[in-house]
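Here, residue 1 is the first one in the sequence, and each next residue gets the next number. Values in this document were obtained by computation on a predicted structure and should not be read as measured data.
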Amino acid sequence: MDEPSPTVDPLTNQFGSLNDLSHELASLQDLAMRGSWRSILDKVSGARSLDLLTKPHDHLIYLSYNVLALTKLRRFSDASNELDSLHDFNSHHYKYETYPKLYHTRSGSMVPFSLRFINAQLPFKLGNRQEGLDRFYLLLNFIRQKIKDKGIHSLQESVKIWRKREVFVLHCLIGHHLGAKEFNVCLDLIRDLINHEYLDPVLVSKLGYIQMQIGDFEGAKGSFHRVETMLNERKNDDSSALSEVEFRNLVNRNKALVFLVGKDYVSAVREYEECMERDPADVVAVNNKALCLMYLRDLSDSIKVLENSLERVPTVALNETLVVNLCSMYELAYVNHSEIKRTLSNWIARVAPDDFDASCTRV
């Protein structure tokens with residue numbers, strides 16, 4: 001829920017389980033974690049038809065999972081229609097205080113943040129980029145108002161959560177602007193945060209990536225050095241959700257990128273190997289190490305790196321980019337690549353989540 005009581009910080013309240021929050025919520029979450037999106041659609045449909053959702057917030061939570069599942073399955077029009085059924089997120093129908101007998105200790109909006117995010121993201125999927133950007137900037141303003149309100153009431157746990165949401169939405173906005181090569185907009189968004197002493201290591205790293213794309217190599221190295229300094233001094237604020245391993249791997253990947261741009265592939269491989277030793281599920285490091293080996297004309301080891309990753313951590317490593325690269329390497333390395341790719345495709349069909357795009361094997 002995205003707006004609890006103005007006097008009690010809900011994030012300091014402990015619930016016994018997810019099922020205390022909504023009807024069989026733990027089951028829905030488990031299906032989502034496994035990528036069983038079709039099963040979620042069936043579960044939501046069954047709960048609705050059997051009238052198992054007895055409270056207003058139950059309906060909103062189940063609608064959230066339904067919209068997420070439809071989006072994951074690329075049924076974007078259906079997801080949009082489901083969202084449109086709510087009409088207005090700010091309607092009194094979605095306020096706790098409208099139902100005092102049910103929610104006597106709560107006030108504010110019961111609309112999950114995930115719905116607000118998907119509402120902003122869907123127009124991009126439906127080919128309406130400008131509408132999507134408008135919704136994202138409205139969402140960013142909404143979040144910043146929440147941060148201000150929670151800060152006034154000294155609800156520090158809520159402030160932390162809304163700060164993380166702010167960074168998350170900014171990452172999405174930057175990604176959309178990057179896709180359109182609107183580099184100056186990206187730089188302005190990041191520098192605005194940095195100028196306010198709001199440092200997130202991933203955002204500062206992203207600043208470095210953008211600087212590289214516009215040819216500011218020294219500026220990029222300066223940004224990456226800033227991230228390394230943040231790691232060494234541990235002065236990153238709580239808005240960063242990075243663990244120490246994730247933070248160290250980010251620093252190594254930044255170093256590797258500098259080597260990669262300089263065509264020092266051997267040094268880049270060494271940095272990526274450090275990442276993989278700490279975390280075998282670091283897919284970016286795995287994928288980029290394989291690419292560096294390919295650039296070094298070691299196609300056999302490049303293929304082994306990707307295959308080993310799929311065998312060791314299939315639920316993490318199984319993403320379209322890695323599979324596309326592996327299939328491209330098969331095409332370069334083997335005459336009978338069609339048969340090998342078909343074997344890979346059959347394996348993917350057994351283990352992949354419902355939303356995996358099997359066409360990436362190019363069988």
Side-chain angles (χ1 to χ4, degrees), residues 167-168 170-171 174-175 178 181 183 186-187 189-191 193-195 197-299 301-306 308-310 312-313 316-317 319 321-322 324-326 329:
V167 172
F168 176 66
L170 278 167
H171 277 302
I174 291 165
L178 269 179
K181 300 186 184 300
F183 300 121
C186 298
L187 292 174
L189 286 169
I190 296 174
R191 284 171 174 157
L193 281 182
I194 293 174
N195 289 338
E197 297 299 320
Y198 185 49
L199 295 180
D200 173 74
V202 178
L203 273 176
V204 178
S205 297
K206 191 160 284 188
L207 172 61
Y209 308 153
I210 296 167
Q211 288 168 318
M212 278 191 163
Q213 290 197 52
I214 63 177
D216 183 7
F217 194 62
E218 292 304 314
K221 288 198 290 187
S223 295
F224 294 153
H225 178 71
R226 188 170 191 170
V227 174
E228 189 169 5
T229 300
M230 291 165 66
L231 171 64
N232 293 334
E233 298 179 355
R234 301 301 292 169
K235 285 186 177 179
N236 60 305
D237 64 36
D238 290 334
S239 64
S240 172
L242 296 181
S243 66
E244 182 162 350
V245 167
E246 290 169 331
F247 206 150
R248 290 188 179 280
N249 278 18
L250 177 64
V251 169
N252 281 110
R253 292 198 304 270
N254 290 345
K255 289 179 179 178
L257 191 57
V258 173
F259 288 130
L260 197 125
V261 171
K263 297 186 178 180
D264 183 355
Y265 303 123
V266 173
S267 296
V269 166
R270 195 158 49 242
E271 296 294 336
Y272 289 130
E273 285 175 341
E274 278 193 40
C275 295
M276 292 164 63
E277 284 174 13
R278 290 193 203 98
D279 178 13
D282 188 333
V283 180
V284 175
V286 169
N287 186 66
N288 288 0
K289 178 189 174 183
L291 291 177
C292 287
L293 289 172
M294 186 178 71
Y295 295 147
L296 289 167
R297 302 181 182 181
D298 189 352
L299 196 55
D301 277 356
S302 180
I303 289 172
K304 286 179 183 176
V305 167
L306 297 184
N308 288 342
S309 175
L310 287 173
R312 291 174 65 186
V313 282
V316 179
N319 69 62
T321 300
L322 190 149
V324 165
N325 287 338
L326 178 57
M329 292 172 191

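- Considering NZ of K206 and CG of L170, their distance stands at 10.0 Å, rounded to 0.5 Å.
- Checked by atom type and distance alone, the side chain of S309 never pairs as donor or acceptor with a backbone atom of V305 at under 3.5 Å.
- For the pair E218 and K221, the salt-bridge criterion is met [side-chain N within less than 4.0 Å of a carboxylate O].
- In terms of the ring pair (Phe, Tyr, Trp, His ring centres under 6.0 Å) criterion, F183 has no residue partners (sequence neighbours excluded).
- The structure places CG of L322 at 10.0 Å from CG of N288, a figure rounded to the nearest 0.5 Å.
- Between the side chain of S302 and the backbone N or O of D298 there is no donor-acceptor pair closer than 3.5 Å.
- Between the side chains of D279 and N249, no donor-acceptor pair is found at a separation under 3.5 Å.
- Looking only at distances, no side-chain donor or acceptor of N287 sits under 3.5 Å from a matching main-chain atom of V283.
- Taking the ring pair (Phe, Tyr, Trp, His ring centres under 6.0 Å) definition, one finds that Y209 meets it with F224, sequence neighbours left out.
- A pairwise comparison of heavy atoms in A256 and Y272 identifies CB-CZ, 3.4 Å as the closest pair.
- L293 is not listed as a side-chain neighbour of K304, based on a closest heavy-atom distance of 4.5 Å or more.
- Under the 4.0 Å criterion applied to side-chain N and carboxylate O atoms, R270 and E274 are not assigned as salt-bridge partners.
- Listed by chain and residue number, nothing satisfies the ring pair (Phe, Tyr, Trp, His ring centres under 6.0 Å) test with F259 (two or more places apart in sequence, or in another chain).
- Contact record, I210 with L178: CG1-CD2, 3.8 Å, taken as the closest heavy-atom pair.
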